[in-house]
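Every heavy atom of this structure was used, including side-chain atoms; hydrogens, water molecules and symmetry mates were not.
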Amino acid sequence: MADASSVIPAAVLRNLADKLYEKRKNAALEVEGIVKQLSTTGDHVKITAVINLLTTDFTYSPQANHRKGGLISLAAATVGLTTEASQHLEEIVPPVLNSFADQDSRVRYYACEALYNIAKVVRGDFIIFFNEIFDALCKLSADSDANVQSAAHLLDRLVKDIVTESDQFSHEIRQQADSALSEFLQEIKNSPSVDYGRMAEILVQRAGSPDEFTRLTAITWINEFVKLGGDQLVPYYADILGAILPCISDKEDKIRVVARETNEELRAIKADPVEAFDVGAILFIARRQLSSEWEATRIEALHWISTLLYRHRSEVLTFLNDIFDTLLKALSDPSDEVVLLVLDVHACIARDPHHFRQLVVFLVHNFRLDNSLLEKRGALIIRRLCVLLNAERVYRELSIILEGESDLDFASIMVQALNLILITSLELAEIRDLLKQSLVNPAGKDLYVSLYASWCHSPMAIISLCFLAQTYQHASSVIQSLLEEDINVKLLVQLDKLIRLMETPIFAYLRLQLLEPERHIWLFKALYGLLMLLPQQSAAFKILKTRLKAVPSYLFDCERLRRPPSGDPHQFLHNMPDGFQAIEDGDVTEDVVNSHNGINFAARLQQFREMQHQHQVLAKTQAKSRNISTSSSKEAQREEEPRRPQSIERNVPPSRSSKRGPG
């Protein structure tokens, strides 16, 4: 057994027992240094000897000053051991706990101080002494000395923090605590007068605890209070909701279940703003939770906004500026379910014409700023809005905005996206049917003209629109009007998509019209015009050529096709079956062709040419800018290169072979 007296100088031992606190403190610091050095060398035998000496000769000494010095030195030794302290807790902690019952109040005070410092070092490792510490703290909380009570209170707070963060804490003790809380809750239920609001404030704070048991207890109590307190809790709804929404996504299943139940209970209570129901505060909580990393919480936050819009629309709209940007950002949410719910909220807000216009403007603005949003979510967003807010209304508003769009490249991309949705989506079947009647129905004509203005940003979109509206002669005119500058890779790619779309069921009516060439001359001319634009080796060329070759040759009677219809051209239209009103395809007078059903096709064609001219000017400007940038880069590169020596043959006359010979 090692001799501790050979390790600790006699002067240090004398000072540990001195009546002056400063001398005892300095001696304890000496002990800390000695133990730290022994710990570094791994000499645990001598460390044990030092602890035994401090325990036997000091903490158990009949002299009060010795006991005080022993307590201070044991805490100092623990600090010196740092990470190695857990190996010696069985030797250090018991004498400190024994000092809690000392007759001298100063010794009891130093015992609290010593255990506080020991606990700060070892944290969860001293949980094995929890029962003894708990008993001691219960006694010290009623100590006759105020200083001891204060020290015990500080130690109690530290012990609670350590227990809360520890995974080693006894589940049996937790069960006992839960049982006691359940009894207390039962007493509250039976009490005739309870201030649920004040208690709810405390529970809301605990619902965010990192400890699972604490969160479950807090949420369970909140659930009971919502059921019992009801109207009393109206002023605290926002705080309660702020606690519940994160718990809906808790990792613990029990907490999630109780949180969802509480959320439904809270939403079922129909409070009125005059009853201190703060709509703005609840909207603030819901908006904040829209930024949660958990999908379930974001979904419930949106349900709350929808509920508030349904019950307190006018109050919600007064806070619209506070939540609108957040709702727009939520359209980029990675969850499709969240995006659909956001659109439901937007649609509810957009029932008013002003807010409808504001929504569409902001939506186009977001698409302009974030191309990925248009690419990944554009179809989902537009289709859902068409269902919620009427497809024709949505498309008309988008067309008005895009007609005056200054960013021509974006306008072209956006129109192409809208055109693809128009052609392919089930949700837009009604407006496709309406467009098919553009030549005979005023409503169809009005929609056609409304879309035409913005569809001019894209030749492919205009041709698609003409095919939908069966204005085939105009489609042929548009194709014929395309200039050399228009026919680029982008256009050919778009035409490739159109040719493939024409093979889908959407354009079945158009393919069937090929069986009546005498009534749809301009459809053939338009399709052959597209064929002439496409490269012969492209897949689109082969698809369209195959389709046109599939038309039986016996249907073509050159004499009959060339023969103009007899009588009044208007009568010719009148005698045509429904669904094939294509007088524009007929060989009729110029006035009828250029202005059928109020559509001035000559003006429309001019409108298309003017818009395409703007795109051509932009393309030339961009190309010039790129060329200047490239030239500048090359010039800079040449300036950086060393100048080459001029050729000594620069004055040599050209070779004979370069001269043009006779004959």
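Shown here is E201, whose CD atom has more than 12 heavy atoms of other residues, nucleotides or ligands within 6.0 Å. The neighbour count for R206 CZ, taken as heavy atoms of other residues, nucleotides or ligands under 6.0 Å away, does not exceed 12. Residue-environment remark: OH (Y109) stays at or below the threshold of 12 foreign heavy atoms within 6.0 Å. When the shell of 6.0 Å around CZ of R157 is examined, it contains 12 or fewer heavy atoms from other residues, nucleotides or ligands.
Taking the centre of each ring, F324 and H346 come in below the 6.0 Å mark. Ring centroids of H88 and H44 are separated by less than 6.0 Å, placing the two rings close together.
Side-chain atoms of T78 come within 3.5 Å of backbone N or O of L74 as a donor-acceptor pair. Counting only distance, with no hydrogens or angles, the side chain of N26 and the backbone of E22 share a donor-acceptor pair below 3.5 Å. Of the possible polar contacts, one joining the R215 side chain to the P210 backbone as a donor-acceptor pair under 3.5 Å is found. Here the side chain of R313 pairs a donor or acceptor atom with the backbone of C348 at under 3.5 angstrom. In this structure, T55 contributes its side chain and I51 its backbone to a donor-acceptor pair below 3.5 Å. A donor-acceptor pair under 3.5 Å is absent between the side-chain atoms of T82 and the main chain of V79, judged by distance alone. When atom types are taken as modelled, the side chain of S73 and the backbone of G70 share a donor-acceptor pair closer than 3.5 angstrom. Without hydrogens or angle criteria, R24 side chain to D18 main chain gives a donor-acceptor distance under 3.5 Å. Side chain of T217 to backbone of F213: a donor-acceptor contact under 3.5 angstrom is found. The closest donor-acceptor contact from the side chain of R256 to the backbone of S249 lies at 3.5 Å or more, if one exists at all.
In plain terms, the two heavy atoms of L359 and A350 that are nearest each other are CD2-CB, 3.9 Å. The shortest heavy-atom contact between I8 and I34 is CA-CD1, 4.1 Å. The minimum heavy-atom distance between P246 and Q289, with the atom names listed, is CG-NE2, 3.9 Å. In this structure, L71 and A111 approach most closely via the heavy-atom pair CD1-N, 3.7 Å. What you find for C247 and A207 is that their closest heavy atoms are SG-O, 3.8 Å. Residues A238 and I285 approach most closely at O-CG1, 3.5 Å, considering heavy atoms.
Rounding to the nearest 0.5 Å gives a distance of 9.0 Å between CD1 of I323 and CG of L290. To the nearest 0.5 Å, atoms CD1 (I248) and CD (E295) are separated by 13.0 Å. Here I219 contributes atom CD1 and L203 contributes atom CG; the two are 9.0 Å apart, rounded to the nearest 0.5 Å. If you take CZ on F319 and CG on L308, they are separated by 10.5 Å, rounding to the nearest 0.5 Å. Note: K46 NZ to D43 CG = 5.0 Å, rounded to the nearest 0.5 Å. Going from atom CH2 of W304 over to atom CD1 of I282 covers 5.5 Å, rounded to the nearest 0.5 Å.
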**OP:** Evaluate the criterion side chain to side chain contact (heavy atoms under 4.5 Å, CB included) for residue pair Q358 and L320; output intermediate values, then yes/no.
**Re:** CA-CA 11 Å; Q358 188 181 20; L320 188 59; 4.3 Å; yes
**OP:** Test salt bridge (Lys or Arg N to Asp or Glu O under 4.0 Å) on R267 and E264 and set out the steps.
**Re:** CA-CA 5 Å; R267 190 153 49 208; E264 294 306 317; 2.8 Å; yes
Subject >> Derivation and outcome, side-chain hydrogen bond (donor to acceptor under 3.5 Å, both in side chains), residues N263 and E300 >> reply: CA-CA 9 Å; N263 185 56; E300 287 306 316; 2.9 Å; yes
**OP:** Please assess F100 against L140 for the test side chain to side chain contact (heavy atoms under 4.5 Å, CB included), listing each intermediate value before the final yes or no.
**Re:** CA-CA 8 Å; F100 280 170; L140 292 176; 3.9 Å; yes
**OP:** Determine, stepwise, if the pair I299 / V338 fulfils side chain to side chain contact (heavy atoms under 4.5 Å, CB included).
**Re:** CA-CA 6 Å; I299 287 172; V338 171; 3.8 Å; yes
Subject >> Stepwise side chain to side chain contact (heavy atoms under 4.5 Å, CB included) check, V234 with D278 >> reply: CA-CA 8 Å; V234 169; D278 193 338; over 6 Å; no
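For residues 96-105, every residue pair satisfying the salt bridge (Lys or Arg N to Asp or Glu O under 4.0 Å) rule, not counting sequence neighbours, is listed here: R67-D102. Sequence neighbours left out, the pairs with a member in residues 331-347 that pass salt bridge (Lys or Arg N to Asp or Glu O under 4.0 Å) are R298-D333, D336-R377, D344-R384.
P9 is not listed as a side-chain neighbour of R14, based on a closest heavy-atom distance of 4.5 Å or more. Counting heavy atoms from C-beta outward, L54 and I92 have side chains that stay 4.5 Å or more apart. Between L38 and L81 there is no side-chain heavy-atom pair separated by less than 4.5 Å. For the pair H355/L317, a side-chain contact is recorded, criterion being any heavy-atom separation below 4.5 Å from C-beta on. For the pair L385/V360, no side-chain contact is recorded, criterion being any heavy-atom separation below 4.5 Å from C-beta on.
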Can you give me every donor-acceptor pair (side chain of residues 113-120, partner residue at least two apart or in another chain, under 3.5 Å) with its distance?
from : atom 1 : to   : atom 2 : distance (Å)
N117 : ND2    : E113 : O      : 3.2

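For the residue pair S372/D370, the side-chain donor-acceptor check at 3.5 Å is satisfied. Defined by atom type and a distance below 3.5 Å, a donor-acceptor pair is missing between the side-chain atoms of N52 and E91.
Evaluated for a side-chain contact (heavy atoms from CB on, under 4.5 Å) with V258, the options N223, I222, D250, I244 yield exactly one hit, N223.
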